[in-house]
Amino acid sequence: MPKVSPDLLSILRCPVTGSPLEQDGEELVSTTAAASGEKLRYAIQDGIPLLLPPELLAAANAAASDQHDGPRDA
(Lines give C-alpha, C1' and ligand atoms only; values in the text may rest on other atoms or scores of the structure.)
Protein backbone atom coordinates (compact mmCIF):
# COMPACT_ATOMS: atom_id res chain seq x y z
CA MET A 1 0.00 0.00 0.00
CA PRO A 2 1.55 3.33 -1.00
CA LYS A 3 1.66 5.73 1.91
CA VAL A 4 1.25 9.43 1.36
CA SER A 5 4.01 11.24 3.24
CA PRO A 6 2.89 12.90 6.48
CA ASP A 7 4.22 16.25 5.22
CA LEU A 8 2.08 16.07 2.08
CA LEU A 9 -0.94 14.78 3.97
CA SER A 10 -0.70 17.73 6.37
CA ILE A 11 -1.31 20.24 3.55
CA LEU A 12 -3.80 18.32 1.38
CA ARG A 13 -7.46 19.31 1.65
CA CYS A 14 -10.65 17.89 0.23
CA PRO A 15 -11.50 19.93 -2.88
CA VAL A 16 -15.22 19.79 -2.05
CA THR A 17 -15.39 20.37 1.72
CA GLY A 18 -12.00 21.97 2.33
CA SER A 19 -11.43 19.61 5.25
CA PRO A 20 -8.16 17.78 5.98
CA LEU A 21 -7.74 14.30 4.53
CA GLU A 22 -6.80 11.03 6.24
CA GLN A 23 -5.36 7.98 4.54
CA ASP A 24 -7.48 4.83 4.68
CA GLY A 25 -5.74 2.05 2.76
CA GLU A 26 -5.53 2.99 -0.93
CA GLU A 27 -7.70 6.09 -0.48
CA LEU A 28 -7.77 9.48 1.17
CA VAL A 29 -10.95 10.33 3.08
CA SER A 30 -12.29 13.77 3.95
CA THR A 31 -12.64 14.39 7.67
CA THR A 32 -15.85 16.38 7.17
CA ALA A 33 -18.95 15.06 5.42
CA ALA A 34 -20.11 16.67 2.17
CA ALA A 35 -23.61 18.11 1.69
CA SER A 36 -24.77 14.56 0.85
CA GLY A 37 -23.82 13.50 4.38
CA GLU A 38 -21.03 11.20 3.22
CA LYS A 39 -17.31 11.59 3.66
CA LEU A 40 -15.69 11.81 0.24
CA ARG A 41 -13.04 9.29 -0.81
CA TYR A 42 -10.19 9.90 -3.25
CA ALA A 43 -8.10 7.16 -4.83
CA ILE A 44 -4.32 7.02 -4.72
CA GLN A 45 -2.81 5.75 -7.97
CA ASP A 46 0.92 5.09 -8.22
CA GLY A 47 1.41 7.07 -5.01
CA ILE A 48 -0.42 10.12 -6.40
CA PRO A 49 -3.67 11.27 -4.77
CA LEU A 50 -6.40 11.90 -7.35
CA LEU A 51 -8.20 14.84 -5.78
CA LEU A 52 -11.01 15.25 -8.28
CA PRO A 53 -14.60 15.60 -7.09
CA PRO A 54 -16.59 12.45 -7.97
CA GLU A 55 -18.44 14.05 -10.90
CA LEU A 56 -15.18 15.26 -12.48
CA LEU A 57 -13.38 11.97 -11.87
CA ALA A 58 -15.95 10.12 -14.01
CA ALA A 59 -15.46 12.63 -16.83
CA ALA A 60 -11.65 12.40 -16.55
CA ASN A 61 -11.76 8.60 -16.69
CA ALA A 62 -14.02 8.71 -19.75
CA ALA A 63 -11.69 11.16 -21.50
CA ALA A 64 -8.65 9.03 -20.68
CA SER A 65 -10.28 5.90 -22.12
CA ASP A 66 -11.19 7.82 -25.30
CA GLN A 67 -7.51 8.62 -25.80
CA HIS A 68 -6.64 4.91 -25.74
CA ASP A 69 -9.28 3.85 -28.26
CA GLY A 70 -7.04 4.71 -31.20
CA PRO A 71 -7.46 7.21 -34.01
CA ARG A 72 -10.93 8.27 -35.07
CA ASP A 73 -12.09 8.76 -38.61
CA ALA A 74 -13.11 12.31 -39.40
Side-chain angles (χ1 to χ4, degrees):
M1 159 178 64
K3 292 280 289 178
V4 175
S5 77
D7 290 338
L8 178 59
L9 200 52
S10 72
I11 61 171
L12 291 178
R13 297 291 180 260
C14 173
V16 175
T17 66
S19 67
L21 297 166
E22 298 175 336
Q23 186 162 0
D24 181 16
E26 299 283 327
E27 297 178 313
L28 295 179
V29 182
S30 64
T31 56
T32 301
S36 65
E38 297 179 351
K39 291 186 177 182
L40 299 172
R41 304 181 80 79
Y42 301 95
I44 302 170
Q45 291 184 354
D46 299 323
I48 301 169
L50 303 178
L51 298 179
L52 288 174
E55 61 276 6
L56 294 180
L57 185 59
N61 287 337
S65 68
D66 285 347
Q67 291 177 357
H68 298 290
D69 288 343
R72 296 182 183 197
D73 294 332

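The figures that follow rest on heavy atoms only: side chains count, while hydrogens, waters and symmetry mates do not. All of these numbers come straight from a predicted model, not from anything done at the bench.
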Please table the atom pairs, donor to acceptor, closer than 3.5 Å between any side-chain atom in residues 5-17 and protein atoms at least two apart or in another chain.
| from | atom 1 | to | atom 2 | distance (Å) |
| --- | --- | --- | --- | --- |
| Ser5 | OG | Leu8 | N | 3.1 |
| Ser10 | OG | Asp7 | O | 2.7 |
| Arg13 | NH1 | Ser10 | O | 3.3 |
| Thr17 | OG1 | Ser19 | N | 3.2 |
| Thr17 | OG1 | Ser19 | OG | 2.8 |

Residues at least two apart in sequence or cross-chain that pass side-chain contact (heavy atoms from CB on, under 4.5 Å) with Arg41, listed by chain then number, are Asp24, Glu27, Val29
When the side chains of residues 44-53 are checked against the rest of the protein, which donor-acceptor pairs come out under 3.5 Å, sequence neighbours left out?
none

Kindly write out the residues that satisfy side-chain hydrogen bond (donor to acceptor under 3.5 Å, both in side chains) with Thr31, not counting sequence neighbours, or none if the list is empty. none
